**Student:** 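One structure coming up, written as structure tokens, with questions to follow.
These numbers come from a predicted model, not from an experiment. Residue numbers count from 1 along this sequence.
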Amino acid sequence: MQYWLFKSEPFKFSWDDLVSKGKAGEEWDGVRNYQARNNMRAMEIGDRGFFYHSNKGLEVVGVCEVCALADHDSTTDDPRWECVDIRALAPVPEPVTLKAVKANEALSNMSLVTSMRLSVQPVKPDEWAEVCRMGGLDPDSLKPA
């Protein structure tokens, strides 16, 4: 399993919006950055990701999973752009702020710190476990720790 981080401005598409989509999930559309697109092309069904509120909030608020492989982004006719579908798995009991991530030495090389503008980012297994711990989640069961 691989781990990822998906950024969204909560006034455009929030964690609650993803939760409301249920098991079917939602297309992670509108991404127009080649590195972010390539990250989605590398995803497998069942990969997990953090759902991060950008712009307002600046915090990890939930955990989602990839439920459909990269395919044409329905919001454009341009064949270069693809996206995955994701669905909500669990809220983070204690949202993990960007400030807390930056203050944690174990996360100093995390893409959220080093590539802040990238909307779809890889997360290393040790980073996954640490952010889950900070948020009060068991990284494997996704139950409150």
Side-chain angles (χ1 to χ4, degrees), residues 1-71 73 75-76 80-145:
M1 179 182 307
Q2 299 177 91
Y3 302 104
W4 308 93
L5 184 140
F6 297 87
K7 287 184 174 183
S8 183
E9 296 171 335
F11 56 87
K12 289 185 179 177
F13 191 80
S14 70
W15 170 249
D16 290 339
D17 293 329
L18 183 61
V19 170
S20 76
K21 298 297 181 177
K23 199 170 186 173
E26 179 73 3
E27 183 181 59
W28 199 253
D29 59 31
V31 174
R32 300 295 181 265
N33 173 285
Y34 288 108
Q35 188 175 356
R37 182 213 53 198
N38 291 344
N39 286 338
M40 288 192 285
R41 284 180 171 175
M43 293 177 185
E44 298 291 336
I45 292 176
D47 281 359
R48 291 185 174 172
F50 290 123
F51 193 100
Y52 179 85
H53 279 165
S54 63
N55 200 3
K56 182 179 180 189
L58 302 176
E59 59 192 1
V60 173
V61 295
V63 174
C64 55
E65 76 174 345
V66 175
C67 60
L69 296 176
D71 195 11
D73 182 331
T75 64
T76 181
R80 294 176 296 171
W81 302 113
E82 298 175 4
C83 61
V84 297
D85 288 14
I86 63 171
R87 67 177 159 225
L89 288 180
V92 174
E94 297 292 326
V96 181
T97 66
L98 176 60
K99 185 176 181 179
V101 169
K102 286 181 172 182
N104 187 326
E105 182 62 33
L107 300 174
S108 62
N109 292 319
M110 188 173 181
S111 289
L112 186 58
V113 175
T114 63
S115 302
M116 288 180 56
R117 297 188 63 89
L118 190 60
S119 62
V120 179
Q121 308 175 352
V123 175
K124 296 175 186 159
D126 58 324
E127 296 166 344
W128 177 264
E130 182 64 10
V131 173
C132 283
R133 183 198 65 74
M134 292 169 69
L137 279 180
D138 176 275
D140 298 315
S141 70
L142 300 182
K143 296 189 184 313

**Student:** Evaluate the side-chain proximity of Val92 to Val61: yes if any heavy-atom separation is below 4.5 Å, no if none is.
**Tutor:**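 The answer is no, as the side chains (C-beta and beyond) never meet within the 4.5 Å cut-off.
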
**Student:** Are Leu118 and Asn33 side-chain neighbours, meaning at least one heavy-atom pair lies under 4.5 Å?
**Tutor:**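 With C-beta onward as the side chain, the pair touches.
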
**Student:** Between the side chains of Arg32 and Thr75, is a donor N or O closer than 3.5 angstrom to an acceptor N or O?
**Tutor:**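 Result is yes, a qualifying pair exists.
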
**Student:** Within this structure, what is the SG-CD distance for the pair Cys83 and Glu27, rounded to the nearest 0.5 Å?
**Tutor:**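 Nearest 0.5 Å value for the SG-CD distance: 3.5 Å.
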
**Student:** Please test Leu69 against Ile45 for side chain to side chain contact (heavy atoms under 4.5 Å, CB included), starting from the C-alpha separation and ending with a verdict.
**Tutor:** CA-CA 6 Å; Leu69 296 176; Ile45 292 176; 3.8 Å; yes

**Student:** Is the closest side-chain heavy-atom distance between Phe6 and Cys64 below 4.5 Å?
**Tutor:**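 Yes, their side chains come closer than 4.5 Å.
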
**Student:** Would you give the length of the straight line joining atom OG of Ser54 to atom CZ of Arg117, rounded to the nearest 0.5 angstrom?
**Tutor:**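 One finds 10.0 Å between OG of Ser54 and CZ of Arg117.
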
**Student:** Nearest heavy-atom pair of Gly25 and Cys67: which atoms, and what distance?
**Tutor:**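 In terms of heavy atoms, the two residues are closest at CA-SG, 4.3 Å.
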
**Student:** State the CZ-CD distance between Phe50 and Gln121, to the nearest 0.5 angstrom.
**Tutor:**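 Reported to 0.5 Å precision, the distance equals 11.5 Å.
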
**Student:** Ignoring hydrogens and angles, tell me if any N or O in the side chain of Arg48 forms a donor-acceptor pair with the backbone of Leu89 under 3.5 Å.
**Tutor:**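 Side chain of Arg48 to backbone of Leu89: no pair is present.
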
**Student:** Give every donor-acceptor pair under 3.5 Å between a side-chain atom in residues 98-112 and any protein atom, sequence neighbours left out.
**Tutor:**
unit_1: Asn104; atom_1: OD1; unit_2: Ala106; atom_2: N; d: 2.9
unit_1: Asn104; atom_1: ND2; unit_2: Glu130; atom_2: OE2; d: 2.7
unit_1: Ser108; atom_1: OG; unit_2: Glu105; atom_2: O; d: 3.1

**Student:** Throw together a table of side-chain donor-acceptor distances under 3.5 angstrom for residues 137-145, partners on residues two or more places apart or in other chains.
**Tutor:**
unit_1: Asp138; atom_1: OD1; unit_2: Asp140; atom_2: N; d: 2.9
unit_1: Asp138; atom_1: OD1; unit_2: Ser141; atom_2: N; d: 2.7
unit_1: Asp138; atom_1: OD1; unit_2: Ser141; atom_2: OG; d: 3.2
unit_1: Ser141; atom_1: OG; unit_2: Lys143; atom_2: N; d: 3.2

**Student:** Does some side-chain heavy atom of Val31 sit less than 4.5 Å from a side-chain heavy atom of Asp73?
**Tutor:**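 Not touching, per the 4.5 Å side-chain cut-off.
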
**Student:** Is the shortest side-chain heavy-atom distance between Glu44 and Val66 below 4.5 Å?
**Tutor:**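 Not in contact.
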
**Student:** Could you work out, with side-chain hydrogen bond (donor to acceptor under 3.5 Å, both in side chains) as the rule, every residue matching Glu26, not counting sequence neighbours?
**Tutor:**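 Partners of Glu26 under the side-chain hydrogen bond (donor to acceptor under 3.5 Å, both in side chains) test: none.
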
**Student:** Quick one: does Asp85's side chain get under 4.5 Å of Trp28's, heavy atoms only?
**Tutor:**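 A side-chain contact under 4.5 Å is absent here.
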
**Student:** Drop me the distance from Lys12's NZ to Lys56's NZ, to the nearest 0.5 angstrom.
**Tutor:**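 If we round to the nearest 0.5 Å, Lys12:NZ and Lys56:NZ are 14.0 Å apart.
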
**Student:** When you check the gap from the basic side-chain N to the acidic O, do Glu82 and Arg41 get nearer than 4.0 Å?
**Tutor:**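 Yes, Glu82 and Arg41 are salt-bridged.
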
**Student:** How close do Ala88 and Trp15 get, counting heavy atoms only, and between which atoms?
**Tutor:**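 In this case the closest contact between Ala88 and Trp15 is CB-CH2, 3.5 Å.
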
**Student:** Could you check Arg87 against Lys23 for side chain to side chain contact (heavy atoms under 4.5 Å, CB included), going step by step and ending with a plain yes or no?
**Tutor:** CA-CA 6 Å; Arg87 67 177 159 225; Lys23 199 170 186 173; 3.9 Å; yes

**Student:** Step by step, work out the ring pair (Phe, Tyr, Trp, His ring centres under 6.0 Å) result for Tyr34 and Trp81.
**Tutor:** CA-CA 8 Å; Tyr34 288 108; Trp81 302 113; 4.8 Å; yes

**Student:** Can you find a heavy atom in the side chain of Gln2 that is under 4.5 Å from one in the side chain of Met43?
**Tutor:**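 Side-chain contact under 4.5 Å: no.
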
**Student:** Can you find a heavy atom in the side chain of Val63 that is under 4.5 Å from one in the side chain of Phe51?
**Tutor:**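 A side-chain contact under 4.5 Å is absent here.
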
**Student:** What pairs with Ser14 under side-chain contact (heavy atoms from CB on, under 4.5 Å), at least two apart in sequence or on another chain?
**Tutor:**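 Ser14 satisfies side-chain contact (heavy atoms from CB on, under 4.5 Å) with Pro10, Asp16, Asp17, His53 once adjacent residues are dropped.
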
**Student:** My understanding is that only residues two or more places apart in sequence, or in another chain, count here; which of them pass side-chain hydrogen bond (donor to acceptor under 3.5 Å, both in side chains) with Trp4?
**Tutor:**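 Partners of Trp4 by the side-chain hydrogen bond (donor to acceptor under 3.5 Å, both in side chains) criterion, ordered by chain and then number, come out as Asp47.
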
**Student:** Just verifying a value: how many Å separate Ser115 OG and Leu5 CG, rounded to the nearest 0.5 Å?
**Tutor:**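 Ser115 OG to Leu5 CG: 11.0 Å, rounded to 0.5 Å.
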
**Student:** According to ring-ring contact (aromatic ring centres under 6.0 Å, His included), who are the partners of Tyr3, at least two apart in sequence or on a separate chain?
**Tutor:**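 Residues passing ring-ring contact (aromatic ring centres under 6.0 Å, His included) with Tyr3: Trp128.
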
